[in-house]
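Here the structure comes first, spelled out in structure tokens, and everything after it is commentary.
The figures here come from the full heavy-atom set of this structure, side chains too, leaving out hydrogens, waters and symmetry mates. Everything quoted here is computed from the prediction, not taken from an experiment.
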Protein chains: 2
Amino acid sequence: MREDDLQDMRQLPLFEGVGASYVDSLLRNAFVQRFPAHVELVHEGDPADFLYVIVQGQVEIYAGYRDRETTISVLGPGNSFIIAAVLLDRVYLKSARGLTPTRILMLPAAAVREGFAEDAHFARALAVDMALAYRGVVKELKNQKLRSSLERLANWLITEDARQGGSGQLEIPYDKKILASRLGMAPEVLSRSIAALLPYKVEIRGRHVTLHDREALLSLARPIATIDDPSC
Amino acid sequence: MREDDLQDMRQLPLFEGVGASYVDSLLRNAFVQRFPAHVELVHEGDPADFLYVIVQGQVEIYAGYRDRETTISVLGPGNSFIIAAVLLDRVYLKSARGLTPTRILMLPAAAVREGFAEDAHFARALAVDMALAYRGVVKELKNQKLRSSLERLANWLITEDARQGGSGQLEIPYDKKILASRLGMAPEVLSRSIAALLPYKVEIRGRHVTLHDREALLSLARPIATIDDPSC
DNA sequence: TTTTTCTGTTGATGCAAATCAAGGTCTGCA
DNA sequence: TGCAGACCTTGATTTGCATCAACAGAAAAA
């Protein structure tokens with residue numbers, strides 16, 4: 001790994017609070033890989049050989065069944081994926097592919113498991129990461145089981161707006177068909193749901209969204225902390 | 001805590017591989033509580049004051065939104081719940097109530113967090129438990145997003161049969177309306193789905209189920225390891 | 001016991017969302 | 001510049017599931 005790559009990697013949230021010398025010993029066994037867009041990085045059912053950390057680009061986490069496919073989440077720089085499979089030494093439950101060209105840090109699974117046993121700070125960082133991921137999925141399961149398509153979209157818009165600064169102006173960060181899959185609906189339904197938000201003063205042109213009346217949208221969406229608050 | 005209670009607690013999977021003296025020091029701050037059926041043990045949105053471990057009885061984990069409610073899972077003896085909230089010192093994302101009278105071990109959250117930092121074996125046990133729980137929710141999310149009601153029921157029957165010994169004879173371990181909520185459907189839909197399984201030689205009388213033709217049911221359900229295999 | 005309440009089934013109906021189909025728009029590329 | 005192939009939208013139709021309603025049977029309470 002090149003020296004300036006190393007510099008970048010040390011800053012990753014996963015290594016926060018972990019001793020510098022230990023981070024470096026982990027990184028010595030790791031490598032950074034570039035992948036073109038649309039390449040499958042991980043396939044569900046395969047043994048978990050690596051822990052992946054995104055350095056650059058967007059990664060879609062998805063899963064398939066029969067001829068169907070659904071997006072579980074879309075991750076960006078700083079996010080890691082499949083910690084649980086690595087820790088338990090089992091197969092991946094989800095697949096992953098880059099939506100853009102990506103730069104990915106790959107940590108050999110065995111080194112991560114050893115790290116968990118040897119360095120308490122690293123163990124804590126892994127556990128915190130996993131706990132956050134766990135709560136994320138629980139929220140998503142509640143989102144799916146308790147809400148209609150329109151409610152999911154409305155709440156996504158509000159949450160995403162907040163994440164992008166809360167100005168009422170936001171960009172959908174990926175294709176609409178990916179968003180539809182993430183929200184658990186067919187692309188056609190997303191199109192129609194967007195149209196259905198017109199009375200709530202939501203304007204969508206391409207990927208750019210303007211929320212002209214946040215109060216109206218809020219009264220439809222009715223977000224609650226235990227589903228929608230990312231800091232909760 | 002009484003001495004024979006202590007004996008029971010030391011056997012819990014959560015303490016497997018953890019030094020006996022450390023387990024005892026944890027248990028000194030803990031207590032075992034009995035609750036009558038239908039009592040709410042934990043309410044979503046409340047701060048996580050305790051880690052709960054089921055000693056006896058069944059506990060329904062559920063969540064609400066507006067006037068709706070859904071069952072996330074039903075847990076039994078040996079299972080713990082809300083590790084992630086305790087570890088992160090955040091609020092519970094789900095509520096819990098006993099379906100039967102229960103006996104619950106309650107570990108103060110602060111002690112658990114200290115334990116994670118102080119005892120590497122306990123930290124590992126917690127992390128493994130959390131990783132398994134995480135993978136369970138991921139599977140459930142896939143189950144919800146990728147399958148129809150009928151497919152979910154068919155796969156549940158197969159998995160539950162395997163869990164109960166694989167004899168083709170099984171008992172539904174709780175009310176059908178709880179099962180319906182767990183499977184993400186209205187009780188009426190469960191009734192009709194059961195009727196729809198008649199051509200597949202599934203016989204249901206009350207809570208007792210007989211699978212007369214597992215092959216036929218398998219061809220409908222089409223289970224896959226990354227959703228249905230509990231050991232994966 | 002009788003009465004009441006709860007659980008589960010069945011029928012009728014309405015709605016949400018998937019599917020099928022066609023056309024328009026944008027993008028990358030020859 | 002023009003074409004091929006995406007992405008997205010809109011319309012028509014079907015399907016899956018929820019809802020409403022009524023009732024039977026079982027369990028709990030009087």
Would you kindly give the [atom1]-to-[atom2] distance between [X] and [N], to the nearest whole Å?
| X | N | atom1 | atom2 | value |
| --- | --- | --- | --- | --- |
| B/Asp175 | D/dA26 | CG | P | 15 Å |
| B/Leu179 | C/dG8 | CG | P | 10 Å |
| B/Arg66 | D/dT19 | CZ | C1' | 17 Å |
| A/Tyr174 | D/dC7 | OH | P | 16 Å |
| B/Ile172 | C/dT9 | CD1 | P | 9 Å |
| B/Ile204 | D/dG25 | CD1 | C1' | 18 Å |
| B/Glu151 | D/dG16 | CD | P | 10 Å |
| B/Glu69 | D/dA18 | CD | C1' | 17 Å |

task = Please name all residues satisfying side chain to side chain contact (heavy atoms under 4.5 Å, CB included) with A/Ala37, sequence neighbours left out, ordered by chain then number.
result = A/Pro101
Side chain to side chain contact (heavy atoms under 4.5 Å, CB included) partner of B/Phe81, chosen from B/Asp129, B/Val53, B/Leu41, B/Val86 = B/Leu41
Taking [X] first and then [Y], would you say they form a salt bridge - that is, a charged N and a carboxylate O separated by under 4.0 Å?
| X | Y | answer |
| --- | --- | --- |
| B/Asp228 | B/Arg147 | yes |
| A/Arg182 | A/Glu160 | no |
| A/Arg207 | A/Glu171 | no |
| A/Arg152 | A/Glu140 | no |

Pull out every protein N or O sitting under 3.5 Å from an N or O of nucleotides 15-21 of chain C, one pair per line with the distance.
residue, atom, partner, partner atom, Å
C/dA17, OP1, A/Ser149, N, 2.8
C/dA17, OP1, A/Ser149, OG, 3.4
C/dA17, O5', A/Ser149, OG, 3.4
C/dA18, OP2, A/Ala186, N, 3.1
C/dT19, O4, A/Arg192, NH2, 3.2
C/dC20, N4, A/Glu188, OE2, 3.1

query = Is there a side-chain polar atom (N or O) of B/Lys176 under 4.0 Å from OP1 or OP2 of C/dT9?
reply = yes
Listed nucleotide nearest any side-chain atom of A/Ser191, set D/dC7, D/dT10, C/dT9 = D/dT10
